[in-house]
Each structure stands twice: as structure tokens, then as C-alpha cells.
2 protein chains.
Amino acid sequence: MDREEIEVLLRQAGEKIKVALDNTNIQVDTKTNRKDLVTNIDKEIQRFLIEAIVKQDPHAKIMAEENGRDQLNDFSGRVYIIDPIDGTLNFVLEQENFCVMIGIYEDQQPVLGFIYDVMKDQMLSGGPKIGVYCNGSRLDAPADLRIEDGLLGLNSGMYAANFHHARDLGQKAMGVRMLGCAGVELSALLLGQRIGYISNLSPWDYAAGGVLLETFGMKMSRLDGTPLSFSGREYFIAGTKKAYTEMIALTKQEN
Amino acid sequence: MDREEIEVLLRQAGEKIKVALDNTNIQVDTKTNRKDLVTNIDKEIQRFLIEAIVKQDPHAKIMAEENGRDQLNDFSGRVYIIDPIDGTLNFVLEQENFCVMIGIYEDQQPVLGFIYDVMKDQMLSGGPKIGVYCNGSRLDAPADLRIEDGLLGLNSGMYAANFHHARDLGQKAMGVRMLGCAGVELSALLLGQRIGYISNLSPWDYAAGGVLLETFGMKMSRLDGTPLSFSGREYFIAGTKKAYTEMIALTKQEN
């Protein structure tokens, strides 16, 4: 499937989500703890996306957040990594600041990434061969800002604990932002509104953004600079080239 | 001036700000420290608003963030409290998530409040006699949620230091959000997307939101529950009735 086809699919998913919000037809369940939510809409949207993808691309492998699709052992060939609603807590409590995301990899190499902020109607998409687009317009890579020249997106728990110097880094930056959604934070980084983002993420949280960061020559990894494993939750850092290099010098140390 | 007249004025201010952003015609200066910014646009917008208000209402008193208008000793009669750009750091670094705000008081009683999120084109306005409106549509007061049922907006420094239990309260809530703009946080509270907001604010940061909170029967005060003085910077807490009562029991204590 090409960029335009996936964008159409994501906008269809967005419409379904808006209809569900209008009908306040949302059943909320908890997963690992009271703050880790899933709704019937997350599951419905995931089914919708997988069905459409498999129809077009029957040999594709799928990894996705819900319904027991969250493990994948073999990343050879074409892999679609899907987050049907990234930021479910925001979806439930704010009815905005959530994203639908798809990252496509071929033999573990980034091919296409899509972050669709539904309520803002902001579609970031692209890949190494075609560049990065926002609602169809080609974007330039943002300025390679240093940490002291921009805002740092942070996970609240890591900031509170100064985990691997996360709070120290927040204080070096111009300011700290917590939006509660990896897709929103990575979109902000791609648009030049952040110098970095530090959090604790699963593959579907960073797969789409990772393709776009790579396309712009920006960086993401574990806190010690080693590659993310695309398996389970990991501590995550991303940034402009310069800010990433400055940050990783601290985050790879314990406190 | 009535609600519609002030809304027209704020939308005109918003247009001027957007033109300045398009022309990247922004000169940035620092005030008290490297993270406390002011731009030529803050000052121009303030001049524009004051000129228009004084023309219509020549006896009005004015308090405003910039250009040495930040003190007012006599709050008798009609007072306009103006923030030309709330969230100047966001304005400079994000080009979104900033607001133009006006609060109008008569003999210290709230009359009208306006929070205009320029890039979102979201105008919250109203007062005790007319109710609260969002882009012209009358809003119902949000549900009176308890702290554990919603998101808490927080100032990063107060959260880091667990100042008067700010971090403990963040952990009781469903999540912590840091947007870096009082107008954006208070709008979220008024729209039911937050159970509360804790920060360190000046009168122009809370004057407009204060009128709208009062209209909805929501609460704001200093951390010890005493009234804000509308003079200088003060530690600030606001919330739904239930969450405010729960939070203030902790914030009025030292750590």
C-alpha cells in the first residue's frame, strides 16, 4: 500500500472515532492498572485497520497494541506496526490529543510512517524514499536545535524520579511539556516544536514516528544509545541530532 | 463593552498575531531569566487592545502584563486585566498553545472573561450574568469530578519539588499534564478535560479564567485556600468543586 492509500485508511479510522465520540458510545476498561485504559473503540479501529491492510497486502505481518496482537517474533518481510488509538487516556478524558499510527518496515528497515492526530486533523506521513509530509505538503527537516534552545517532552514518572537525569535534562531545556501521547510528542518533535522526547514506550508508540525521524536524520534509541528492540516496553529517547547527543551523554549514566 | 464586542477585538488581535507568525517578524527578548520571554508582538497586541478598550470605555482602569502596566493599586470601578499573549514561550517555540485573555471586574466582582486560543480558534467567554460560551455556543458546567477521575495540569517546578504536595496530587490524579500556558490549562478545566490546575501565576494569567470558573461554580485560590490578591506572582490552585476540596486539604500543608 502506498502513502495515499494508507492516509485514506487513517482518515476513515478518524471519522469512525469522531462518530463514536459524538455518540458517546465508549466502553472503558482498564488493562495493567487504573491509568492504563482500553476502549471498545481502540479494538474496533484496530480490527478495521488490520482487515483493510490484510486485504490489500495479504502477506504482511502485523503487530498491534490490542487483542493479543502485541508480540511479533519474526520481523522479516513487510511488517505493519499499528496503534489504533495512541493516548487512550486523552481520548477518554480530553476527547483530543490522541493519534492513529502505522509504521511499515521491510526486513527491519523503515519504509513508511503515519501519525494522524484525529481531532487536529493533522496527518504526518512519509519515509526515507519520499520525504515527510504534513497534510500533503512536503516538510523541511526542522532546525538542529541544542537542548537549551527548545522544549523537552517528558514522561511524568521519569521526570518525578529524575530517572537517568530526565529532570536535569528538563531543567536544561527551555521548558518541559507533558501531553500524555507519544504520537503528539513525536509529531511536535518532527515539526520543530521540541528538541526531544523521553518516555517509556512500546513498539506501536514509536514505530511510525521512528520512520519519520529517520527520514529527517533525527535520532531515537534506548536511554543508553542502543537500538530499541521493538519488543515490550522500553525506556525511550528521541531528539534533534544535537540535542540527542547532549542528552544521551547524561541518560546513559545512572543517576 | 459587551461580550460580542470584546470577542471581535480578540479575534482581530488573533489575526495580527497570525500575520506576524507568517512573516516571522518576531523579536524575542528575555525578562527575569532566559525562560521568561517577551516579544515585540506581545507589546504590539497589548497596545492594540488597550487603545480599543480605552476608546470605548474611557473611564476603565487597565492592568496588563507588558510595558509597565503590571501594577494596579485601586480596583474600584471597572477594571480590564489583559494578557496580550499568555504562553509566550509556546508562541515562540511552538507557534501554538498560546492565548489572548481579558478579564473584566467591577468593584472587584467578576463580570466578563475571555480566553482566546488563537491557533485553535477556540474562544471561551462569558460571565455570571450570561453563562459560559465556546465559539458562541452556550456550555454546560462540566461534571464535578473527583481528583482520581481526571487529569491535573501542573507547573513543572512545583511538580519536581513536590511543592505543597503538588507531585502527590499528580499521582492521585489519572495523569499529569504540562502545557506551559495558563490559558490553555484553564480552558481545559472549563471544558471538563481537567480536574484541576496548580501553578505559579500573575493576575493576568488567572483574571479571565477566574470569571469563567466562578460562573461555573468552580474554585480558584492560593494553595492555602485564601483569595488571590491580584498583585504579583502567587501560587495558584483551581479545580472542580470536589477535586479542589480534596486538593486543598493537602496543598494548605507544607510538605
Side-chain angles (χ1 to χ4, degrees), chain A residues 24 28 30 33-37 87-98 117 119-122 142-143 145 148-163 166-181 184-185 187-189 191-195, chain B residues 24 28 30 33-37 87-98 117 119-122 142-143 145 148-163 166-181 184-185 187-189 191-195:
Chain A
T24 59
V28 182
T30 55
N33 63 67
R34 75 177 178 99
K35 300 178 186 181
D36 184 14
L37 306 184
T88 302
L89 196 58
N90 289 347
F91 171 63
V92 172
L93 295 176
E94 297 194 311
Q95 289 88 52
E96 62 178 337
N97 300 317
F98 58 88
D117 181 329
M119 301 313 283
K120 216 173 182 177
D121 190 25
Q122 177 183 278
L145 295 179
E148 71 252 36
D149 294 324
L151 299 169
L152 178 59
L154 273 165
N155 165 291
S156 64
M158 294 168 74
Y159 180 72
N162 196 24
F163 186 76
R167 191 162 73 226
D168 301 331
L169 290 170
Q171 279 154 2
K172 279 194 189 215
M174 285 290 276
V176 168
R177 295 291 177 269
M178 294 183 191
L179 277 296
C181 175
V184 170
E185 291 287 3
S187 295
L189 180 57
L191 291 167
Q193 300 175 319
R194 297 279 185 278
I195 52 82
Chain B
T24 59
V28 182
T30 55
N33 64 65
R34 76 176 177 101
K35 301 179 186 181
D36 185 14
L37 305 184
T88 301
L89 196 58
N90 289 347
F91 171 62
V92 172
L93 295 175
E94 298 194 310
Q95 290 86 52
E96 62 178 336
N97 300 319
F98 58 88
D117 182 328
M119 301 314 283
K120 217 174 183 176
D121 190 24
Q122 178 182 279
L145 295 179
E148 71 253 34
D149 293 325
L151 299 169
L152 178 58
L154 272 166
N155 166 291
S156 63
M158 294 168 75
Y159 180 71
N162 197 22
F163 186 77
R167 191 162 73 226
D168 300 332
L169 291 169
Q171 279 154 3
K172 279 194 189 215
M174 285 289 276
V176 168
R177 295 292 178 266
M178 295 183 190
L179 276 294
C181 175
V184 170
E185 291 288 2
S187 295
L189 180 57
L191 291 166
Q193 300 174 320
R194 297 282 184 279
I195 50 80

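Below, chains carry the letters A, B, ... as their sequence lines are ordered, and counting in each starts from 1.
The most heavy-atom pairs under 4.5 Å with chain A, out of B/Met174, B/Glu96, B/Arg167, B/Lys120, come from B/Met174. Your options are A/Gly157, A/Ala161, A/Gly150, A/Ala173, and the one with the most heavy-atom pairs under 4.5 Å with chain B is A/Ala173. Ranked by heavy-atom pairs under 4.5 Å with chain A, the first of B/Asn162, B/Leu89, B/Asn97, B/Asp149 is B/Leu89. Contact count versus chain A (heavy atoms, under 4.5 Å) is highest, among B/Leu154, B/Leu151, B/Val176, for B/Leu151. Among A/Leu93, A/Leu37, A/Leu145, the residue making the largest number of heavy-atom pairs under 4.5 Å with chain B is A/Leu93.
Between B/Glu148 and A/Lys35 there is no salt bridge, since none of the side-chain N atoms of the basic residue sits less than 4.0 Å from a carboxylate O of the acidic one.
Counted by atom type alone, B/Gln95 and A/Gln193 present zero donor-acceptor pairs between their side chains at under 3.5 Å. Side-chain N/O atoms of A/Asn90 and B/Arg177 include a donor and acceptor closer than 3.5 Å.
In terms of modelled atom types and a separation under 3.5 Å, the side chain of A/Tyr159 and the main chain of B/Tyr159 share no donor-acceptor contact.
Closest approach of B/Lys172 to A/Arg34, counting heavy atoms only: O-NH2, 2.7 Å.
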